[in-house]
Each structure stands twice: as structure tokens, then as C-alpha cells.
Amino acid sequence: MKRVLAIILGGGAGTRLYPLTKMRAKPAVPLAGKYRLIDIPISNCINSEINKIYVLTQFNSASLNRHLTMSYNLSAGFGQGFVEVLAAQQTPDSPSWFEGTADAVRKYQWLFQEWDVDHYLILSGDQLYRMDYSKFVQHHIDCGADLTVGALPVDGAQAEGFGLMRTSSDGRILEFSEKPKGQALEAMRVNTESLGLSAEEAVKRPYLASMGIYVFNRNTLFNLLASNPESTDFGKEIIPTSLREGDHLQTFLFDDYWEDIGTIGAFYEANLALTDQPNPAFSFYDEKFPIYTRPRYLPPSKLQDAQVTQSIIGEGSLLKACSIHHCVLGVRSRVEDEVVLQDTLVMGADFFESSEERLVLRERGGTPIGVGRGTTVKGAILDKNVRIGRDVTIVNKDRVEEADRPELNFYIRNGIVVVVKNGTIADGTVI
């Protein structure tokens, strides 16, 4: 894998994940109490012995830069390699920002071409899955392909939201269709049993969805970008063009847990699913294939008189006489007496507040960081450094699906109340 360069695409403005992307790039959104979304593809690369990694981003990249700098010193801890952020920039030759996945790679191709590598691994920065990319690359080499696309077997209901591939029995791509419906969808059916699924699963999932991850041969990538200067997206434009030009396109079947963290609803469900017992669909407890992140050296969490069921608690947390069920609490979470948290994601805090600081803050009419005494929160996301007052109720009592209340420091997306980063909810508020 020494002759493979990984390029992780940070995505656009992340509007579907707003307000979690209000102050951070999409790959920097916290995950599972202590990680960030970007940790997933980077860890997959490290575990696959691919250690030359670029991350392309253009929106709110400060927190992403900081996280990567503090997490991945590859020369020190992971062997000879690097993780480097490439932000969108305006130059005389390229006056515009990134306009799509292919355009982002095109704008930095001068840098990528300097590396003496044979293959380029193009990845997404907002997906949750565990994959050994070395098998992906080796499959590409063994098939003699010019381009290989990661393929997820899906059912008819899921298929309408993806770019689909129709293949031969050996996985060679014959046709690519972006989000087909009706008869066009039926035409994309594939015998997925011939690709490795059981007969029963092949009946349930007869479609191959593009995961948005690719392996390109060196010449194939740069020839396609050069000969199609107006094409800005791999899935919608570059792949169909490559097919028409007669390139050998192959699929790599991935039949395991995979989630595109594209919306608030998907993000919320993926986080809470980590608490499922005894076997969650995705687990961070895999010693052979660990997920790396920033080492924080925090003290262990302290539970004084708390009742906690089916939950994940980040290190450095303090839970008093509270009740917590089916929740994920991030690092440095603070939960006071008589609090009820249920089906809730708390992202924790970036710093501690001492008892003295909290007391002074209260005396001056302020709200300490964390969840205040007597508060009830159900079905919500509390972003980092939030200050929830005493006797607050956050339950979406009117069952609102979508709402914007920036002046009150919260939004509602997919029926989930999201309290914004650094936001304060005053004592006695009912949402």
C-alpha cells in the first residue's frame, strides 16, 4: 500500500447537518462521545497501511485543522506518513472554490501528481463504516480495472437515493444511473448472489449502490479530469463518461455496516445505535481494527448517585443524582441532580469549569456549562459547551418536525431539537 495516496473529500457546506456545521466543517462533527467523523476514513487508512493522506475541505476548516494536527502525527506514532488538510483557495489559474468532488481533486492535481504512486483512493469524510482498503485496492489490481467503485447492496426503498450500478456476473460495471425511479430503477437490478451474497439476501437487496469511494489508476484519474474540464462530480459525470469511453470499471462489494451521516436524523440515529446491546451494528470496541482520535489524557468519569442504562459516557464526565437512559455523553459532560436524559446525544465540553467558577457564574445570573438541576431532555442533541439552566424541559412538546429558533439557541430538524454549540437555554424554559 506504499504506492497508494488517499484523498478524503470533506464535502460541501453541510447544510443538511446544520446547525452542527454552523461553526465546523462536516468531517469535524463530533461522533460517539469522543471521536470526529473524519477519524473514520483516516483510521481505516492507517489500519490498511495507507499513510499518505490528504483531506480536502473549504468550509469552517479551523476546528478540523486543529483536530488533525493534535491527533495524527504519523511520523511519531503511525509510521512514516502524513495527514494534511488542503483548503480550497483562489488562484490566478483557479479563481473559484471547489464546485464538486471531481473539481476538488482537479484543483489540487498538480500536488497529487508529484507523488510517485500508482493508485489514488478517493474517500468521503462523512460516512461511518469499517473497511480494509488494502482489500479494495488489491481487488482493483487483480481485476485489471481502470476505476473501481465501492458498492453497497441495497433494497428497492434505499436504492432510489443512490447512484446505482448495473454489473456483469463478475462485477464489471455496465451501466451507471443516478437516483433512478420506476422502470429505470427496475432496469438496474443485479444478481447480487453472483457477487457474494446469500440467495436469501440477494432477493432482498438486488441493487448495487455507489458508496462514493473509488480507486483510480494514476493515468485514468488525470486523463479523465483533463479531458472533461467541465465535469465537477465523480458520481454524476466522471463515472458515466468513463463508461462511455470504454474504460474498465469494476465494483468492490462491501456487505457490512455503512451509514452516510448526511442529515441530522441519520447522525442522531447512528450515534444512539452505538448503545445497542449486546451487539451494536457498529462498534468502536475492535482491538484489531481500532478507530483513532485525539489523545486527551482526561480523568475517569465520576458517577455520584446516577442511574445509567444503555448509554455511552465520555471520559472526564461528572454525573450527579440523575437518570440517563439510551444516551451518548461526550467528554467532560456535566449533569446535575434530578436531571432526566433520554434518547439524547450530549456532545460534552471543550473545557472544565471549577466549582468556584460555577458558583460565581450563578451569583451573577449566568448558567454554568452542562445540564442544570431538575431538567428533562428527551430526543435531542446538545452540541458542545451548551449551558442548560435549571428546571428546563426539552421534549419537543408540539412534535414540530422543522423549526429555526436561532435567537433562542436551538433548531428542530427531523423532529430532533438541536441546541447550538456554546448556546444557553435559560432556567425554566420549555421546548
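The chain is numbered in sequence order, starting from 1.
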N/O donor-acceptor pair under 3.5 Å between Thr275 side chain and Ser311 backbone: no

pair Thr101-Ile122: side-chain heavy atoms closer than 4.5 Å: no

N/O donor-acceptor pair under 3.5 Å between Asn409 side chain and Gly423 backbone: no

is_close_aromatic(Tyr207, Phe162), centroid dist under 6.0 Å: no

Stepwise side-chain contact (heavy atoms from CB on, under 4.5 Å) test for Lys320 and Val339: CA-CA 9 Å; Lys320 293 192 174 180; Val339 169; over 6 Å; no

Close aromatic pair by centroid cut-off 6.0 Å: Phe234 and Phe216: yes

For Ser48 against Ser134, the heavy-atom pair lying closest together: CB-N, 3.7 Å

Over all atoms of both residues, closest heavy-atom pair of Asp404 and Pro406: C-CD, 3.3 Å

Phe136 and Phe254: CA distance, side-chain angles, deciding distance, side-chain contact (heavy atoms from CB on, under 4.5 Å) verdict: CA-CA 9 Å; Phe136 188 11; Phe254 180 73; over 6 Å; no

Under-4.0 Å salt bridge between Arg362 and Asp427: yes

Arg24 bridged to Asp383 by N-O distance under 4.0 Å: yes

Short side-chain to backbone donor-acceptor contact, Thr344 and Gln342, under 3.5 Å: yes

Backbone N/O of Ser354 and side chain of Glu357: donor-acceptor pair under 3.5 Å: yes

Glu402 side chain vs Asn414 backbone, donor-acceptor pair below 3.5 Å: yes

side-chain contact (heavy atoms from CB on, under 4.5 Å) between Phe289 and Asp132, intermediate numbers included: CA-CA 9 Å; Phe289 210 98; Asp132 184 347; 4.2 Å; yes

Nearest-0.5 Å distance, CG of residue Leu249 to OH of residue Tyr214: 10.5 Å

Arg130 and Asp256 ion-paired at < 4.0 Å: no

Greater than 12 external heavy atoms within 6.0 Å of Glu200's CD: no

Whether Tyr35 and Phe284 hold their rings parallel, tilted or perpendicular, with breakpoints at 30° and 60°: parallel

Residue Glu287 excluded, over 12 heavy atoms near CD under 6.0 Å: no

Heavy-atom donor-acceptor pair, Thr393 side chain to Val430 backbone, under 3.5 Å: no

Contact check, side chains of Leu31 and Asn271, non-hydrogen atoms, under 4.5 Å: yes

Flag for Asn51-Tyr72: side-chain donor and acceptor within less than 3.5 Å: no

Sub-4.5 Å side-chain heavy-atom contact between Leu253 and Leu197: yes

Flag side-chain contact, heavy atom, 4.5 Å: Pro290 against Tyr292: yes

Rounded distance [0.5 Å steps], CG in Leu341 versus CD1 in Ile324: 5.0 Å

From CD1 (Ile8) to CD1 (Ile42), nearest 0.5 Å: 4.5 Å

Considering all heavy atoms, the nearest Arg387-Ile369 contact: NH1-N, 3.2 Å

Test item: His139 side-chain N/O and Thr251 main-chain N/O as donor-acceptor pair under 3.5 Å: yes

Within the 6.0 Å centroid threshold, strictly below: Tyr108 and Tyr54: no

Val419 and Ile431, any side-chain heavy atoms less than 4.5 Å apart: no

Under 3.5 Å: donor-acceptor pair, side chain of Thr192, backbone of Arg205: yes

Nearest heavy-atom neighbours spanning Ile173 and Leu243: O-CD2, 3.4 Å

Test side-chain contact (heavy atoms from CB on, under 4.5 Å) applied to His67 and Asp39, step by step: CA-CA 10 Å; His67 175 74; Asp39 291 328; 2.8 Å; yes

Euclidean distance, Cys322 SG relative to Gln307 CD, rounded to 0.5 Å: 9.0 Å

Asn396 (side chain) donor-acceptor with Val400 (main chain) under 3.5 angstrom: yes

Distance (rounded to the nearest 0.5 Å) between Asn44 CG and Leu123 CG: 8.0 Å

Heavy-atom donor-acceptor pair, Ser283 side chain to Pro280 backbone, under 3.5 Å: no

Side chain proximity check, Asp276 to Gln310, heavy atoms < 4.5 angstrom: yes

Cationic N near anionic O, under 4.0 Å, Glu353 to Arg358: yes

Tyr257 and Phe282 aromatic ring geometry - parallel, tilted or perpendicular at 30°/60° bounds: tilted

Neighbour count above 12 (heavy atom, 6.0 Å) for Phe351 CZ: yes

Value rounded to 0.5 Å, distance of CD in Glu269 from CG in Asp343: 9.0 Å

Considering all heavy atoms, the nearest Lys34-Thr293 contact: O-OG1, 3.5 Å

Heavy-atom side-chain contact between Val105 and Leu9 under 4.5 Å: yes

Close side-chain approach of Gln127 and Asp260, heavy atoms under 4.5 Å: yes

Neighbour count above 12 (heavy atom, 6.0 Å) for Glu49 CD: no

SB check Arg106 Asp103 (cutoff 4.0 Å): yes

Candidate pair Arg66 and Ser63, rule side-chain hydrogen bond (donor to acceptor under 3.5 Å, both in side chains), full reasoning: CA-CA 5 Å; Arg66 185 169 59 249; Ser63 64; 5.0 Å; no

Heavy-atom pair of closest approach, residues Asp155 and Pro206: CA-CD, 4.3 Å

